[in-house]
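Reviewing the structure listed below.
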Number of protein chains: 2
Amino acid sequence: MARKSGSHAEITGPKVLKAAERLFARHGFAAVTMRQIAAEVGVQAGALYLYTRDKQSLLADLMLAHLRELLAALPAPDPDPRAALEGFVRFHILHHLSRRDAVFVAYMELRSLNPENFAAVEELRRAYEDHLETIVQRGMAAGVFRPRDSRLATLALIAMLTGVTTWYREGGRLLPEAVAEQYIALACDTLGAGAGQSRS
Amino acid sequence: MARKSGSHAEITGPKVLKAAERLFARHGFAAVTMRQIAAEVGVQAGALYLYTRDKQSLLADLMLAHLRELLAALPAPDPDPRAALEGFVRFHILHHLSRRDAVFVAYMELRSLNPENFAAVEELRRAYEDHLETIVQRGMAAGVFRPRDSRLATLALIAMLTGVTTWYREGGRLLPEAVAEQYIALACDTLGAGAGQSRS
DNA sequence: GTCTATAGCCCGATAGAC
DNA sequence: GTCTATCGGGCTATAGAC
């Protein structure tokens, strides 16, 4: 297993993606330079091209990997609509709070993707939305949820839940699990499944 | 009133802001060049500097003008909490659908602002959130709304409502007024003010 | 008020040494 | 696998002609 001095491919590859994710999330894709990414990793700019074809691929790979992870980690819906909604909301909040950079990039940099990559990302996003809409529709069929329009309610819910990333600060007054519980109550009420909240 | 040939300050000034707004919304602040803005206006790049100190001021002026307009146009809350919420939601949805570019820039380009401009923008945004939170709290005091936490519910509501800009397409199946009505129902239910929706 | 021209700098990506 | 050096080009902002 002798290895040339300066050879760290197995380490550098993931570090490049992590550095790009961090910088894209903070400053935006267009504002970040390959030299900045290289500096964050601790290599020279030219070395990045051993791990990515170009800057655009770096962005697309990040977003696709994140969305595939999200879909793969999605819990199977409980047969009970209310429990299914609870499971989805808890998953969404906890996942989004633990992967803030990836989430931020995936939501903000759609316009930085070229058309092919955009189509691929949109397909995955659509699948995620459809997953929630199925839960909503089952609840409507069961008479538990009563939104006027399942699609609009689904998109409204996802926007509401995802908004948590814009205000939540680590070390704030609420732990992620407590935030999830509050959003579960809000989501149940939003769908008209009532009694989700208390007044205490 | 004789005027030099090529003198169009009263027209060019606003055109610069409109062009910048359009391009920043579509491609992002960092990805747009002064040459692109100039081309959209129909002048050369150097001429832009008659109307703005630099690119950063262009962005800050756009965002501050939009938020000031938003606050100035905000309707005074109805004494009845439910009616106040309805008024706010209708205003928010209709305003956001009619000023999509400005809204998009104001939400997406916070990170492109320098610290002073960021602070000024955040102050206005905070005032807007506080306006809604006051409505929520009055409803709680009146026993009409029952969220567990007024701040969290306020931020969740704003995220839900603002999300309309990500999916609404002009010429789609719903007119803005119909969209507003649906969000009103969702918002009422979200706060536990119930019976906002029907099943038909 | 607008133009042309340009200063001074930084960009993404590649070539070739080690 | 990483570095240094560089190509070709685009950037913001300014100077000076008209």
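Just so it is clear, the values below take in all heavy atoms, side chains as well, and ignore hydrogens, waters and symmetry mates. Lettering follows sequence order; numbering is per chain, from 1.
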So, with a heavy-atom separation below 4.0 Å from DNA chain C, the residues of residues 52-60 of chain B are none
Stretch residues 32-43 of chain A: residues that reach within less than 4.0 Å of DNA chain C through a heavy atom:
A/V32, A/T33, A/M34, A/R35
Going by side-chain contact (heavy atoms from CB on, under 4.5 Å), name the residues that satisfy it together with [X], two or more places apart in sequence or in a different chain.
X	value
A/F91	A/L70, A/A73, A/L74, A/P75, A/H95, A/Y128
B/L155	A/W167, B/E129, B/R151
A/A31	A/H27, B/A30
B/E181	A/R148, B/R90, B/E177, B/I184

For residues 63-77 of chain B, pull every pair meeting side chain to side chain donor-acceptor pair (under 3.5 Å), keeping only residues two or more places apart or in separate chains.
B/E69-B/R99
With sequence neighbours excluded, give me every side chain to side chain donor-acceptor pair (under 3.5 Å) pair touching residues 14-24 of chain A.
A/K18-A/E21, A/R22-A/E40
A/Y49 OH - D/dC3 P separation (whole Å)
14 Å
In whole Å, I'd like the distance from the NZ atom of A/K15 to the P atom of D/dG1.
15 Å
Side-chain N,O (B/T12) to OP1/OP2 (C/dT2) below 4.0 Å:
yes
Can you check whether A/Q44 has a side-chain N or O nearer than 4.0 Å to OP1 or OP2 of D/dT4?
yes
With B/E109, which residues qualify under side-chain hydrogen bond (donor to acceptor under 3.5 Å, both in side chains), at least two apart?
A/R111, B/S112
For the residue pair B/R125 and B/Y107, would you count it as a cation-pi contact if the rule is NZ or CZ under 6.0 angstrom from the ring centre and within 45 degrees of the ring axis?
yes
